[in-house]
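Presented below is the structure to which this report refers.
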There are 2 protein chains.
Amino acid sequence: MTPTKPAAPARGRLSRERVLTAAITLADHGGIESLTMRKLGAHLGVEAMSLYKHVANKDDLVDGMTDRVFGEIDLPAPGTEWRTAMRQRAISIRQVLARHPWATALMQSRTSPGPGTLHHHDAVIGLLRGAGFSVPLTAHAFSALDSYIYGFALQEKSLPFETGDETAALAQLILAQLPADQYPHLRELTVEHVMQPGYDYGHEFEYGLDLLLDGLERAVQQGKDVKSARPRR
Amino acid sequence: MTPTKPAAPARGRLSRERVLTAAITLADHGGIESLTMRKLGAHLGVEAMSLYKHVANKDDLVDGMTDRVFGEIDLPAPGTEWRTAMRQRAISIRQVLARHPWATALMQSRTSPGPGTLHHHDAVIGLLRGAGFSVPLTAHAFSALDSYIYGFALQEKSLPFETGDETAALAQLILAQLPADQYPHLRELTVEHVMQPGYDYGHEFEYGLDLLLDGLERAVQQGKDVKSARPRR
DNA sequence: TGTTGTACGCTTACATCGTAAGCTTTGTCA
DNA sequence: TGACAAAGCTTACGATGTAAGCGTACAACA
């Protein structure tokens, strides 16, 4: 139509970095399912197809976004006492995922890790090894902690409420719809625990985390990994 | 085109149950992203739109599928010693999710639980309460175990290999592509642990699980929930 | 200064998806 | 036999990801 459009208000050129940044911003607001190539283009003052000059396809875009998020996780200074370090890392992950809830399910499920991801993992393993963890115990610790951390985050993300008060209100609403005599235990837990003032599901995070850290601490202290004997297939 | 098609080989009528069953079968094979209303219809010898007589929309379909999966989880007989019961439940969940990998992320993230889901949760809570867990400790146990179980399943599902041998082969391939001097710890763990014969990531499951169960056992035994003091917001 | 190669952005197009609206067939009972 | 409701079908629309190919502006060189 317009013969010679000066192509976008010259907001500078596009680049993979700018595309990723914009994509993360969009996902942070509307969730990952509202992130479409067209909207992303529009947000950058560009047509959808132009994005493909900087990103192979949508999967590649999402991989890039996820790797960026990994980069946001604080890594404790090398040499930090391991338990403190692992605790801080766990908390940092939870904070990062609170900023980018859409990333929760992706962190563990993307198959092509980027440099941010690899660096993060390497640092964590290095820290544990440096603290005297055997190789198998390091693997155990890594697996157990990450399963827990991301599993918790996944659960937390899907809660339909944010504050304790909202929780109580919603819980009441849900309970009211259930037959009074069904699910008695669920009801008890809800009324006597979830609906109490001051309840916040987020507090559960550190309880489980400390359970795992306690167990790992015991395992390192006995200087050996009791369960390392792997059954030979 | 064909004037009077005898509508499907009269495979009997459709029903919500038949739709759900077929949908689960399709998802088990091609994954949830390959499940479309048209394919599901075709699989049942029916047009896509006919499904909407038995299912409100695709979300409702997925909710129904997820609730079915919850129903497949073995619940230990009431009265079973709690630790055994929780261990068996965890293992059963892992088996069920191995059959239905697509369900892994959904189990924790659907907001409208069906009867299968509610019954499952009620039974678990009841079992713990019956074993002497206080209400807050029950909440802790439930949260910690489920976070871990589903987090582990999520991780496991996304692994691009199934057997130990495949793992070793793939690990070698990936390592070869990385700069030799980068990520030394990741490399060590891979070479000295992951690539060893007999390695199977699945074995990690029970290690972390037992860490949590040990901790919970200690907590019940002292007859009180040490961390229950909730900070008042 | 003029020429040209190329990286970047645009236009058009298509297959696939969920599903709204309304029509037709079929099975049941009076 | 006729009427009605339930079940299934047809058609259509607005997303969505992305393939293919076009136009252009700018940097490097003549």
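Because the structure is predicted, anything quoted here is derived from the model rather than measured. Letters A, B, ... are given to chains in the order of the sequence lines, protein chains preceding strands, and every chain is numbered from 1.
- Regarding B:K39, its NZ atom lies at a distance of 13 Å from the C1' atom of C:dA15, rounded to whole Å.
- Across the protein-nucleic acid pair, A:L40 atom CG and C:dG9 atom P stand 12 Å apart, rounded to whole Å.
- Applying the side chain to side chain contact (heavy atoms under 4.5 Å, CB included) test between A:W102 and each of A:V62, A:V69, A:L35 identifies A:V69 as the sole match.
- Ion pairing of A:D146 with A:R89 is present here, as a side-chain N (NZ or NE/NH1/NH2) and a carboxylate O approach within less than 4.0 Å.
- Taking 4.5 Å as the limit, every side-chain heavy atom of A:H121 sits out of range of all side-chain heavy atoms of B:Y183.
- Following rounding to the nearest Å, A:K58 (NZ) and D:dA19 (C1') show an atom-to-atom distance of 17 Å.
- Contacts with DNA chain C (heavy atom under 4.0 Å) in residues 48-56 of chain A: A:M49, A:S50, A:K53, A:H54, listed by number.
- Salt bridge A:E47/A:R38: absent, no basic N to carboxylate O contact under 4.0 Å.
- When each of A:T66, A:D67, A:D63 is tested with A:S112 by the rule side-chain hydrogen bond (donor to acceptor under 3.5 Å, both in side chains), just one qualifies, namely A:D63.
- Put simply, CG on B:L14 is 16 Å from P on C:dT26, counting in whole angstrom units.
- Of the residues in residues 60-69 of chain B, not one comes within less than 4.0 Å of DNA chain D through any heavy atom.
- Closest to the side chain of B:M37, out of C:dT19, D:dT18, D:dG8, is C:dT19.
- A:P113 meets the side chain to side chain contact (heavy atoms under 4.5 Å, CB included) test with A:T117, A:L118; sequence neighbours excluded.
- Proximity of the aromatic rings of B:Y201 and B:F152 is defined here by a centroid distance below 6.0 angstrom, and this criterion is met.
- Counting only heavy atoms from C-beta on, A:V46 has its side chain closest to C:dC10 among D:dG8, C:dC10, C:dG18.
- Rounded to an integer number of Å, the gap from B:L44 CG to D:dC9 C1' is 15 Å.
- In this structure, A:E47 atom CD and D:dT18 atom P are separated by 16 Å, rounded to whole Å.
- Ranking C:dT19, C:dG9, D:dG17 by closeness to the B:R38 side chain, first place goes to C:dT19.
- In this structure, the side chain of A:S92 engages the main chain of A:D74 through a donor-acceptor pair within 3.5 Å.
- A salt bridge links B:R68 with B:E17; the closest basic N to acidic carboxylate O contact falls under 4.0 Å.
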